[in-house]
Amino acid sequence: AQSVTQLDSQVPVFEEAPVELRCNYSSSVSVYLFWYVQYPNQGLQLLLKYLSGSTLVESINGFEAELNKSQTSFHLRKPSVHISDTAEYFCAGILASARQLTFGSGTQLTVLP
Amino acid sequence: DSGVTQTPKHLITATGQRVTLRCSPRSGDLSVYWYQQSLDQGLQFLIQYYNGEERAKGNILERFSAQQFPDLHSELNLSSLELGDSALYFCASSPSEVAGVLAKNIQYFGAGTRLSVL
């Protein structure tokens, strides 16, 4: 079973609409979770991370993610998206056994005018 | 800018050839990680080096090898290239050995090298 699962490969949304990108993790993943963003023709950038403490984490550009341990989810949300948010978003977690970063398959967010 | 530098940005070569990808980690980071991103496999961890020594191996083919030098830069060598090796290869670095466990030990990624095997 995949350790980190992103349920949607493509999410189209209109500008200024809210968006949620879904991520679930398996029990083989220790609870250190990350969202990375990859803009077109660029490398991955860390968007936000959960290591400990408050289960709600925020990024500087309006995204937030909430850890839900009972549902083993770490969904990414933004209340109002911009055209510039168009990118691929990767959820990642640390495999407890290997202690390596393992990525989900990615979600392409396309913001439409 | 993540502080991780990868060269070259693009590489076009033929099947059967050998190429070397280079990565300079962020200043002060001792760990270097290599990843392959392809359309069919997604983002796959290949290998990690820490302070010059191999620390972890992922889905790395035997035709591929890597090393980390005393100045901490790393090279990924890909040989006997096949069409299926065409991909984006990313390097990441972090301060210490175990990724993500400590708040400060986050992986930061370079912009990648796009390899096209024709």
Side-chain angles (χ1 to χ4, degrees), chain A residues 1-10 21 23 25 28-55 57-60 65 67 74 87-108, chain B residues 1-7 9-10 21 23-26 29 31-50 54-60 87-114:
Chain A
Q2 199 165 359
S3 303
V4 177
T5 304
Q6 291 182 247
L7 299 168
D8 307 297
S9 60
Q10 307 259 355
L21 307 184
C23 173
Y25 62 94
S28 64
V29 175
S30 61
V31 190
Y32 299 104
L33 296 161
F34 309 83
W35 277 98
Y36 281 85
V37 58
Q38 185 179 25
Y39 296 104
N41 301 312
Q42 294 187 29
L44 279 77
Q45 301 174 31
L46 181 66
L47 189 59
L48 47 77
K49 61 186 183 290
Y50 173 82
L51 301 176
S52 64
S54 171
T55 55
V57 289
E58 298 176 353
S59 73
I60 56 173
L67 174 66
F74 190 56
E88 187 146 22
Y89 292 79
F90 291 91
C91 183
I94 302 293
L95 274 179
S97 57
R99 299 206 288 182
Q100 288 301 326
L101 199 59
T102 186
F103 286 87
S105 53
T107 297
Q108 174 64 44
Chain B
D1 183 5
S2 67
V4 179
T5 304
Q6 288 188 250
T7 56
K9 284 188 169 36
H10 302 276
L21 313 183
C23 170
S24 294
R26 292 188 322 153
D29 284 358
S31 268
V32 169
Y33 312 78
W34 286 98
Y35 294 85
Q36 179 194 58
Q37 185 181 35
S38 60
L39 283 174
D40 54 344
Q41 298 285 331
L43 196 56
Q44 301 266 322
F45 166 70
L46 296 178
I47 197 165
Q48 177 199 0
Y49 277 80
Y50 173 74
E54 183 184 302
R55 270 295 179 262
K57 258 187 176 178
N59 300 322
I60 188 166
L88 259 174
Y89 291 84
F90 287 108
C91 167
S93 74
S94 70
S96 66
E97 185 174 352
V98 181
V101 174
L102 300 176
K104 61 182 179 180
N105 198 33
I106 304 300
Q107 289 187 32
Y108 290 90
F109 284 74
T113 293
R114 183 173 293 280

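Below, chain A is the first sequence line, B the second, and so on; all start at residue 1.
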Bottom line for A/Q45: the part with an atom under 4.5 Å from chain B's heavy atoms is neither
Separation between CZ (B/F90) and OH (A/Y36), nearest 0.5 Å, reads 12.0 Å
Turns out that what part of B/Q6 lies under 4.5 Å from chain A's heavy atoms comes down to neither
When the 4.5 angstrom heavy-atom criterion is applied to A/L44 and chain B, the contacting part is both
Ranking B/A92, B/G42, B/G58, B/A111 by heavy-atom pairs under 4.5 Å to chain A gives rank one to B/A111
d(A/E88 CD, B/L43 CG) to nearest 0.5 Å is 9.5 Å
Discussion item. With a 6.0 Å cut-off (strictly less than), is the heavy-atom count around CZ of B/R55, excluding the residue itself, greater than 12?
Written reply: yes
Hey, does A/F34 have a side-chain heavy atom less than 4.5 Å from the side chain of B/I106?
yes
Interatomic distance, CD@B/Q37 vs CZ@A/F90, rounded to 0.5 Å, equals 4.5 Å
In this structure, CZ of B/F45 is separated from OG1 of A/T102 (nearest 0.5 Å) by 10.0 Å
